[in-house]
2 protein chains.
Amino acid sequence: MGRDRDFTQLGKALGAPARSVFLNLLMDGARRPAGELARAAGVSASTASEHLAVLVEAGLVTVEVHGRSRRYGLAGSQVAAALEALGALTGPAPVSGYRRSRQMERLAAARFCYDHLAGRLGIALADAWAEQGWLADRAALALTDAGADGLRGIGVDVDGAIAARRPTTRVCLDWTERRDHLAGALGAAVGRRFLAAGWVVRHASGRGLDVTDAGRAFVRRTWGVDLNA
Amino acid sequence: MGRDRDFTQLGKALGAPARSVFLNLLMDGARRPAGELARAAGVSASTASEHLAVLVEAGLVTVEVHGRSRRYGLAGSQVAAALEALGALTGPAPVSGYRRSRQMERLAAARFCYDHLAGRLGIALADAWAEQGWLADRAALALTDAGADGLRGIGVDVDGAIAARRPTTRVCLDWTERRDHLAGALGAAVGRRFLAAGWVVRHASGRGLDVTDAGRAFVRRTWGVDLNA
DNA sequence: GTGACGTTTCGGCCGCTGCCGAAGTGTTCG
DNA sequence: CGAACACTTCGGCAGCGGCCGAAACGTCAC
């Protein structure tokens, strides 16, 4: 009787196409009403409702009631981390020259992964910060004193991130690039700062991001990162 | 068509009790013949064979043919990492005083998580190393120069771990304790050293470990870690 | 070669699950 | 208060998936 962790319920919850679409949509950390999710997945409202009930039952998703609308969202950063880890497994390794749709290409450039920056932007930042001694180790991404000062200097709530209940820094393996980037409470704080400062803007819907001209200039000026490369 | 990562196949693969048992058994990184897995899960050989084919198809498991026996094992450390992340989600947080079977208690004390030490032993080591400056940061577990020297001094193949293709250090969230411990190539190197030196021994089957008297004395002498606490 | 053995493939049964449309519940708006 | 709306629950259908035993396959031992 050596079974100690039962993946059955989680697996069943993940194992339906419509639910997979829902989770992907919710990976940006936003809450969405049931109807929007139903439309996005191409199923009827009743079917979507049943799917959402399954996800809630499995603990992957939580609901907030807003009047006659119900907003569904991921149950927490741990869920997002698990989905990222799982996502890193699916599909073959991205061989160079693999053809991508324009949509995928935009996602690969910059996006939110639940609450922190990901895509090539996230990786470039982690690279630069490791290079310049703001993070101690490219593999582990530990925050140094210099890094704490530097991030405070650009308006990131470093102390809030350190005080948070979740781990301050955490590595997250990128889906598209297969490289690590910064997650955890600090990653979330950086993401909030980038949005607030207007260095990135959200796509109309979903977790895609566009780096603004101001953002592009800022990262080049501050860390010498050239995002057009 | 915003779906970019499809969890359906992985989810279906995880969503059967017998397969969950298989994966749990394989979490120690060992390969096992189909028959043994069938017996452990309480299903017929034919059923087990079908399940294993599903797991292979999903990329979670690989086979090695040894004569007329076939040994199944996890497809890599990324799979183990994803399963750990998923496992951290299941079940309620371990409220204090929660009753555990003796089997579970032994697993909670020390075990292999795919290829690195986990359980209270793994956490105690991470704590001690962070405390003593061998790892830069309890949250990120970045290896310091002092840590590299120290681990080399006790016979851990630090340089091999640094040169490895996978990340040198990585944090892994413990199932039972909900705390981070050291994984990645360095975690694996530490695990190999602990086994080779006889500081831990494997249980008869599965991923459980017993810390030997020599191991207990060693960790107390070297880092002041008292495992009886 | 022949027989034993570990594993896979096949056929068939049963139950679960996804899907929908219709009806029901609760909320907002006029 | 009643109609419109967002969502959930219910009933019913179709198909998939898990299970087994029987048979086929490949390998090892003698």
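Within every chain, numbering begins at 1; the chains are lettered A, B, ... in the order of the sequence lines, protein sequences first and strands thereafter.
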- Query: Taking the inter-plane angle between the rings of A:H116 and A:H181 on a 0 to 90° scale, is it parallel (under 30°), tilted (30 to 60°) or perpendicular (over 60°)?
  - Reply: tilted
- Task: Please answer whether the main-chain N or O of B:L143 pairs with a side-chain N or O of B:T169 as donor and acceptor at a distance below 3.5 Å.
- Result: no
- Query: Can you find a pair of side-chain heavy atoms, one from B:Y72 and one from B:L37, that are under 4.5 Å apart?
  - Reply: yes
- Sub-3.5 Å donor-acceptor pair from the side chain of B:R216 to the main-chain atoms of B:V211, do we have one? yes
Any protein N or O atoms within reach of nucleotides 1-6 of chain C? Criterion: under 3.5 Å, listing atom names and distances.
residue: C:dC5; atom: O2; partner: B:R68; partner atom: NH1; Å: 3.4

- Under 4.0 Å between a side-chain N/O of A:Y72 and OP1 or OP2 of D:dA6, yes or no? no
- Where the side chain of B:R19 is defined as all heavy atoms beyond and including C-beta, which of D:dG18, D:dC20, C:dG18 is the nearest nucleotide? D:dG18
- Electrostatic pair B:D115:B:R192 at N-O distance under 4.0 angstrom: no
- Test: A:D157 and A:R193 ion pair at under 4.0 Å: no
- Item | Under the salt bridge (Lys or Arg N to Asp or Glu O under 4.0 Å) test, residues paired with A:R31 that sit two or more places apart | A:E64
- Report yes or no: is the cationic atom of B:R202 (NZ for Lys, CZ for Arg) closer than 6.0 Å to the six-membered ring centre of B:F112, at no more than 45° off its axis? yes
- Item | Residues within residues 56-67 of chain A bordering DNA chain C, heavy-atom distance below 4.0 Å | A:G67
- Shortest non-hydrogen contact from A:R32 to A:L25? NH1-O, 2.9 Å
- Message: Under 3.5 Å, is there a donor on one side chain and an acceptor on the other for A:T47 and A:S44?
- Response: yes
- What is the distance, rounded to the nearest whole Å, between atom CZ of B:R71 and atom P of C:dT8? 13 Å
- Query: Just how far, in rounded Å, is C1' of C:dC16 from NZ of B:K12?
  - Reply: 12 Å
- Query: Through what angle, rounded to 10 degrees, does the axis of the helix from C:dG1-D:dC30 to C:dG30-D:dC1 turn between its ends, using five pairs per end?
  - Reply: 30°
- Nearest heavy-atom neighbours spanning B:A82 and A:L89: CB-CD2, 3.9 Å
- Taking CZ from B:R39 and P from D:dC20, how many angstroms apart are they, rounded to a whole number? 15 Å
- Task: Check DNA chain C against residues 45-55 of chain A and give the residues with a non-hydrogen atom under 4.0 Å, in numerical order.
- Result: A:S46, A:T47, A:E50, A:H51
- Message: Which residues pass the salt bridge (Lys or Arg N to Asp or Glu O under 4.0 Å) test with A:R19, not counting sequence neighbours?
- Response: none
- Query: Taking atom P of D:dT8 as reference, at what distance in whole Å does atom CG of A:L37 sit?
  - Reply: 10 Å
- Query: Do the side chain of A:D210 and the main chain of A:T212 share a donor and acceptor less than 3.5 angstrom apart?
  - Reply: no
